[in-house]
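The block underneath contains the structure these notes are about, expressed in structure tokens.
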Amino acid sequence: MPVARPEPQEPRVIAHVDMDCFYVQVEQRRNPALRGQPTAVVQYNDWKGGGLIAVSYEARGFGVKRSMRGDEAKRVCPGINLVQVPVARGKADLNLYRSSGSEVVAILASKGKCERASIDEVYLDLTEAAKEMLLQAPPDSLEEICMEAAKSNILGLSSDASEKEKNVRAWLCRSDADYQDKLLACGAIIVAQLRIRVLEETQFTCSAGIAHNKMLAKLVSGMHKPAQQTVVPLSSIQDFLSSLPVKKMKQLGGKLGSSLQYDLGVETIGDLLSFSEEKLQEQYGANTGTWLWKIARGISGEEVEDRLLPKSHGCGKTFPGPRALKNNTSVRILALPFSSFSSKIISYSLAAEAEYLRGRTRLSCMPIYLGMKQLENTQLSTFRTVKGWLDQLCEELSERIQSDLNQNKRIAQTLTLHARASKKNERDSMKKFPSKSCPLRYGTGKIQEDAMKLFESGLHDFLESQSTGWSITSLSVTASKIFDIPSGTSSILRYIKGPNSSAPPAISDSSSVPEDPSLDVTPIHEEQCEPSTSEKEDNNRYSAISTKQCPANEEKKNSMKSTGVKGASSILKFLSRDHSAHQEKRRSDGLICSHQGPGSSSEANEAERNVPAQAAVVDRSNSGAEPSGSSNTWMLNVEDIDPAVVEELPPEIQREIQGWIRPSKHPTAKRRGSTISSYFPPARS
DNA sequence: ACGGCTCAGACG
DNA sequence: TCGTCTGAG
């Protein structure tokens with residue numbers, strides 16, 4: 001539900017910039033032959049020509065619409081070019097569009113506060129820039145208003161055909177306008193210039209709205225498309241809103257808007273004016289009521305956030321209808337001679353059969369025994385299918401958070417799994433599959449492992465001790481709670497490496513050791529992708545400690561003393577717990593609730609939930625040297641830090657490491673002694 | 001059995 | 001806090 005924000009007293013200049021059929025433009029830039037042609041971007045071409053997700057304006061002229069199928073589009077526009085979105089790991093891959101969007105954001109962020117609102121939209125707060133212009137070079141002093149600005153659409157300005165551009169110039173230069181509209185005029189000129197820069201530097205066109213708040217800017221940015229901008233002068237607001245259908249207002253496109261129509265008889269925003277704030281609050285609660293009252297008057301206090309990057313990364317795929325992940329996709333029928341389901345027909349998956357034929361599955365797993373055995377078997381098989389997809393999704397997610405780490409120095413702290421599932425022939429089939437989350441550990445393999453555990457946990461809750469006939473219709477994994485890594489983190493590195501890297505490592509007994517070029521660091525891809533999927537060129541080159549390859553503790557200490565410690569990788573490796581111990585710990589402390597059979601008690605489970613386990617150590621020492629702003633980053637989970645090793649470090653270093661640790665808020669999470677058990681605190685006070 | 005895949009934010 | 005729900009594009 002929307003909520004009202006206190007509005008700033010000072011007038012603001014806000015712009016909303018919206019790329020024109022963005023995915024199409026990205027494809028047109030990649031293949032210029034598509035320019036000027038009716039074109040649409042589709043995903044999943046196999047079923048009815050795929051679904052359209054972007055349509056060029058030429059194609060729109062033929063009546064092609066978003067959310068037509070490809071076949072349908074061909075019907076109304078036989079000449080249309082259908083471009084498929086890239087596919088990777090069996091799913092749509094939007095990275096091309098994401099990175100193209102970033103190009104645009106980088107330009108638009110140059111003139112003021114910039115908020116990335118979606119892959120192809122931003123809000124700008126141009127207040128300061130507009131004030132500046134009004135002081136330094138007001139529109140009426142400019143001998144020539146830039147062409148693009150003169151092509152603006154001014155809401156409420158009489159748009160007589162040939163005179164329009166002249167009128168617009170006049171409006172932009174009006175010396176008798178009130179202050180706020182003068183600011184808007186400056187904003188319009190700035191936005192026009194920005195849009196030209198975007199076109200020049202990216203070849204993309206965009207449209208924009210310029211107004212005093214986000215709501216109005218957003219409302220008009222799409223009013224004149226493509227490649228145009230629209231300004232909302234103060235005097236035009238009431239007329240504009242009064243005739244605006246409620247459903248057009250952002251946040252009112254869904255149930256709330258419908259409720260306004262059907263429960264209050266409100267058809268336009270203007271109709272809202274006849275309701276008192278109290279009445280609206282009574283109907284929709286204090287927050288939403290006030291919000292409604294205000295938006296009816298063009299008031300919106302929402303600030304433009306200073307944020308160029310997304311707050312979360314998610315990867316998902318749906319498995320609609322017959323493609324649902326289930327144990328009986330291809331039906332084999334087997335009548336059981338004796339079982340509790342003796343009269344029933346049980347199906348099992350082709351995958352399980354194939355496994356059996358390959359000799360990978362033991363006979364006892366095949367459905368020749370009792371009903372229960374058989375159920376286990378079919379579930380195992382479904383798990384395998386789910387795991388396969390989950391692994392794919394996690395692989396993509398891992399890649400995305402790693403490049404976020406390298407390029408933006410941000411760490412995600414929470415991993416969430418969501419699924420949709422349905423039960424066959426169950427009365428309670430309305431029940432939803434619960435989402436589950438846990439602390440996020442970096443590394444493809446770890447993410448895959450944790451995601452699968454989360455899935456099992458969710459499935460357990462979903463099934464509630466029944467276990468037949470379930471299927472999965474969607475899967476997604478999300479990384480969220482993303483924080484900037486604080487700068488000045490690794491004094492430990494400087495300390496250990498010495499003031500400059502030529503100095504001997506202070507921590508080592510042997511005083512002079514040649515600098516080791518981090519050979520012992522294992523790239524995480526190699527570490528964790530056993531079936532070696534097509535390894536792409538690592539332009540996101542990050543490295544992580546491989547716990548697998550850590551020697552045992554004693555050995556580690558010795559190697560530390562004898563060879564010295566060189567570089568972040570060695571240090572992190574040194575700090576980390578050895579792999580088998582780590583595994584034991586995980587099993588006993590249970591970062592994620594492990595699957596519990598029906599009837600097993602849940603109190604232990606309760607105590608082990610939500611144990612923070614994420615930490616990071618980042619070597620930013622060379623980040624200044626990297627021109628791209630991307631530098632190698634080493635990660636270490638705090639749970640992998642060996643407290644015994646830490647104890648041997650100098651006190652100030654110990655203190656620093658302790659500083660990474662935040663006490664668990666969960667008193668039930670019992671720890672032994674000084675076990676490091678918490679996670680790296682986010683960057684801020 | 002079809003709009004798929006993302007994102008953000010509010011609420012309890 | 002986590003999980004659910006709404007809404008947007």
Side-chain angles (χ1 to χ4, degrees), chain A residues 1-5 16 18-23 41-55 65-72 84-87 91-95 97-98 101 115-121 123 218 221-222 247-259 284-288 291 302 305 307 309-324 393 396-397 400 413-420 422 431-439 454 457-458 461 471 473-482 593 609-610 612 664-666:
Chain A
M1 299 270 271
V3 51
R5 299 289 176 209
H16 178 259
D18 190 0
M19 306 307 293
D20 305 319
C21 56
F22 186 49
Y23 291 13
V41 175
V42 326
Q43 57 187 359
Y44 301 130
N45 218 344
D46 54 338
W47 196 72
K48 297 197 175 178
L52 273 54
I53 56 178
V55 181
K65 303 186 130 162
R66 252 195 317 276
S67 121
M68 273 182 172
R69 314 298 312 191
D71 295 347
E72 212 176 342
Q84 283 186 255
V85 356
V87 172
K91 66 180 286 298
D93 178 5
L94 304 182
N95 282 326
Y97 311 117
R98 274 190 272 260
E115 173 182 337
R116 175 197 190 277
S118 79
I119 200 167
D120 71 337
E121 282 174 278
Y123 289 97
K218 165 76 181 170
S221 67
K247 288 283 201 173
K248 298 277 189 194
M249 175 72 66
K250 191 175 165 181
Q251 300 298 324
L252 297 183
K255 297 181 181 181
L256 181 55
S258 298
S259 168
Y284 297 108
N287 285 341
T288 303
W291 180 83
E302 235 185 311
E305 276 180 60
R307 182 174 56 76
L309 300 168
K311 289 181 165 180
S312 65
H313 300 288
C315 302
K317 180 165 178 65
T318 56
F319 309 95
R323 300 197 203 178
L393 295 171
E396 184 189 324
L397 183 66
R400 283 168 60 190
Q413 293 199 350
T414 302
L415 175 70
T416 305
L417 175 132
H418 186 77
R420 280 178 34 218
S422 64
K431 184 173 171 60
K432 295 203 171 86
F433 194 103
S435 21
K436 298 282 172 183
S437 61
C438 72
L454 292 174
S457 166
D461 294 356
S471 63
T473 56
S474 86
L475 285 174
S476 77
V477 285
T478 301
S480 61
K481 298 198 173 63
I482 303 179
C593 1
R609 221 176 254 276
N610 303 327
S664 170
K665 280 185 188 161
H666 305 273

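Below, chains carry the letters A, B, ... as their sequence lines are ordered, and counting in each starts from 1. Source: prediction; values computed, not measured.
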Side-chain heavy-atom pair [X], [Y] within 4.5 angstrom cut-off:
| X | Y | answer |
| --- | --- | --- |
| A/Leu256 | A/Gln251 | no |
| A/Asp461 | A/Lys436 | yes |
| A/Glu302 | A/Tyr123 | no |
| A/Asp18 | A/Asp120 | yes |

Over how many whole Å does the gap from [X] atom [atom1] to [N] atom [atom2] extend?
| X | N | atom1 | atom2 | answer |
| --- | --- | --- | --- | --- |
| A/Glu72 | B/dG3 | CD | C1' | 12 Å |
| A/Arg66 | B/dG4 | CZ | C1' | 14 Å |
| A/Leu415 | C/dG3 | CG | C1' | 15 Å |
| A/Met68 | B/dG3 | CE | P | 14 Å |
| A/Lys247 | C/dT6 | NZ | P | 13 Å |
| A/Tyr23 | B/dG4 | OH | P | 14 Å |
| A/Trp47 | B/dG3 | CH2 | C1' | 10 Å |
| A/Glu302 | C/dA8 | CD | P | 13 Å |

When we call it a touch if two heavy atoms are under 4.0 Å apart, what does [X] touch: a base, just sugar-phosphate, or nothing?
| X | answer |
| --- | --- |
| A/Lys481 | sugar-phosphate |
| A/Gly254 | sugar-phosphate |
| A/Lys218 | sugar-phosphate |
| A/Ile119 | nothing |

Taking only Lys NZ, Arg NE, NH1 and NH2, and the carboxylate oxygens of Asp or Glu, determine whether A/Lys65 and A/Glu72 approach each other closer than 4.0 Å.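 No salt bridge links A/Lys65 with A/Glu72.
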Could you tell me how far [M] sits from [N] if I compare only their [atom1] atoms? Round to whole Å.
| N | M | atom1 | value |
| --- | --- | --- | --- |
| B/dG3 | C/dG7 | C1' | 15 Å |
| C/dA8 | B/dC2 | P | 23 Å |
| C/dG9 | B/dA1 | P | 27 Å |

What string of B, S and - do you get for nucleotides 5-12 of chain B, 5' to 3', when a contact is any protein heavy atom under 4.0 Å? SSSSSSS-
Taking side-chain contact (heavy atoms from CB on, under 4.5 Å) as the definition, give me every residue that meets it alongside [X], ordered by chain and number, with sequence neighbours left out.
| X | result |
| --- | --- |
| A/Ser476 | A/His418 |
| A/Lys255 | none |
| A/Val3 | A/Arg5, A/Asn287 |

Give the dot-bracket line for DNA chain B from 5' end to 3' end: parentheses for intra-strand Watson-Crick or G-U pairs under 3.5 Å, square brackets for crossings, | for inter-strand pairing, dots for unpaired. ....||||||||
Please determine, for the side chain of [X], which listed nucleotide ([options]) has the closest atom?
| X | options | value |
| --- | --- | --- |
| A/Gln251 | C/dG7, B/dG4, C/dG9 | C/dG7 |
| A/Ser437 | C/dC2, C/dG7, B/dG3 | C/dC2 |
| A/Pro320 | C/dG3, B/dG4, C/dG9 | B/dG4 |

Sequence neighbours left out, what passes ring pair (Phe, Tyr, Trp, His ring centres under 6.0 Å) with A/Tyr97? Give chain and number order.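 Testing A/Tyr97 for ring pair (Phe, Tyr, Trp, His ring centres under 6.0 Å), a comparison that skips the adjacent residues, returns A/Tyr23.
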Phosphate OP1/OP2 of C/dC5 contacted by A/Lys432 side-chain N/O (<4.0 Å):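 Affirmative; the distance criterion is met.
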Taking everything shown except A/Arg69 itself, do over 12 heavy atoms lie less than 6.0 Å from its CZ?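 Counting neighbours around CZ of A/Arg69, more than 12 heavy atoms of other residues, nucleotides or ligands fall under 6.0 Å, so yes.
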